[in-house]
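Read through the structure below, which is laid out as structure tokens, and then see the notes.
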Amino acid sequence: MTVSFAILAIITIASAIAAMTLRNLIHCALALVGAFAGLAALYLQLDAQFVGFAQILVYVGAVAILIVFAILLTGGSEPPKPPVFSARWCVGGGVAIAVFGVLAWTINSSHALTEGLPTITRTSVRQIGDQLMTKYILPLEVVGLLLTAALIGAVIIAMKEERTK
């Protein structure tokens with residue numbers, strides 16, 4: 001494990017934890033952007049350039065901005081509530097550790113670790129683009145329409161709230 005991987009992993013995990021625990025919605029959204037950017041950097045470090053740049057374009061550039069717009073348009077800037085810690089955190093942490101242990105044991109006892117690595121087929125960005133524009137054009141259009149409908153819905157909800165005030 002390299003030092004850069006460890007630093008990126010710590011930043012990504014810290015951002016994800018901050019996104020879950022912060023009480024202010026805007027701060028949560030910004031921490032989520034940090035987690036997305038950390039994942040993109042990890043993908044780029046693993047020589048998965050297409051996935052890394054797609055992560056930056058789609059999640060950091062589009063989804064995170066959509067989340068921030070939805071929060072701002074729907075008036076989600078409520079005053080922050082005090083943090084609530086209870087016994088449920090201990091139970092949740094115990095369940096998470098148990099699931100991690102089961103997954104680690106399953107991976108370590110897998111036969112896939114003892115077999116050789118499969119041959120790596122290099123897929124170019126051009127081949128991926130050709131597939132997106134031919135075979136997968138309908139799902140791509142549906143996702144675009146879904147994101148547009150979500151943004152329009154947020155604007156409509158925000159306009160209705162302004163009229164009632």
Side-chain angles (χ1 to χ4, degrees), residues 1-71 74 76 78 80-132 135-144 146-147 150:
M1 179 169 62
T2 63
V3 175
S4 61
F5 179 83
I7 291 170
L8 287 173
I10 290 170
I11 289 171
T12 304
I13 291 171
S15 296
I17 290 172
M20 292 185 300
T21 57
L22 292 174
R23 304 298 276 176
N24 188 336
L25 288 176
I26 299 295
H27 294 159
C28 288
L30 293 176
L32 189 63
V33 168
F36 287 156
L39 282 174
L42 288 171
Y43 287 139
L44 291 174
Q45 188 180 21
L46 293 172
D47 287 333
Q49 284 85 14
F50 180 77
V51 178
F53 288 125
Q55 176 83 15
I56 290 171
L57 288 173
V58 173
Y59 287 102
V60 175
V63 172
I65 299 300
L66 184 66
I67 289 170
V68 170
F69 279 159
I71 291 170
T74 58
E78 299 171 357
K81 299 174 185 168
V84 178
F85 292 103
S86 65
R88 293 182 186 152
W89 281 74
C90 296
V91 173
V95 169
I97 290 171
V99 168
F100 178 78
V102 169
L103 287 175
W105 175 79
T106 304
I107 290 170
N108 283 332
S109 65
S110 173
H111 296 292
L113 293 177
T114 58
E115 297 174 3
L117 294 174
T119 58
I120 298 174
T121 58
R122 290 287 181 183
T123 304
S124 69
V125 175
R126 181 180 185 89
Q127 291 171 330
I128 295 171
D130 288 340
Q131 288 291 315
L132 278 176
K135 186 176 179 183
Y136 297 106
I137 190 69
L138 182 63
L140 187 66
E141 294 285 336
V142 168
V143 168
L146 179 67
L147 289 174

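Along the sequence shown, the residues carry numbers beginning at 1.
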In Å, rounded to the nearest 0.5 Å, how long is the span from CG of Leu44 to CG of Leu39? 11.0 Å
Measuring from atom CG of Leu46 to atom OH of Tyr43, what distance do you get when rounded to the nearest 0.5 angstrom? 9.0 Å
Quick one: which of Leu140, Leu146, Leu147 gives a side-chain contact (heavy atoms from CB on, under 4.5 Å) with Val143? Leu147
Heavy-atom closest pair (Leu8 atom, Ala41 atom, distance to 0.1 Å) is CD2-CB, 3.6 Å
For Thr2 and Gln45, run side chain to side chain contact (heavy atoms under 4.5 Å, CB included): C-alpha distance rounded to whole Å, both residues' side-chain angles, the deciding distance at 0.1 Å, then the answer. CA-CA 10 Å; Thr2 63; Gln45 188 180 21; 3.3 Å; yes
Minimum heavy-atom separation for Ile67 and Ala29, please, with both atom names. CG2-CB, 4.1 Å
Criterion side chain to side chain contact (heavy atoms under 4.5 Å, CB included) on Thr12 and Leu42, from CA distance to verdict: CA-CA 9 Å; Thr12 304; Leu42 288 171; 4.1 Å; yes
Please determine which of Leu103, Val102, Ile97 meets the side-chain contact (heavy atoms from CB on, under 4.5 Å) test together with Val99. Leu103
Minimal non-hydrogen separation, Ala31 against Ser15, with atom names: O-CB, 3.4 Å
Could you walk me through whether Phe36 and Ile56 pass the side chain to side chain contact (heavy atoms under 4.5 Å, CB included) test, one step at a time? CA-CA 7 Å; Phe36 287 156; Ile56 290 171; over 6 Å; no
Within the distance-only criterion (no hydrogens, no angle test), does the side chain of Ser110 pair as donor or acceptor with the backbone N or O of Thr106 below 3.5 angstrom? no
Separation between CG of Leu132 and CD of Gln127, rounded to the nearest 0.5 Å: 12.0 Å
Which atom of Ala16 lies closest to which atom of Ala35, heavy atoms considered: N-CB, 4.0 Å
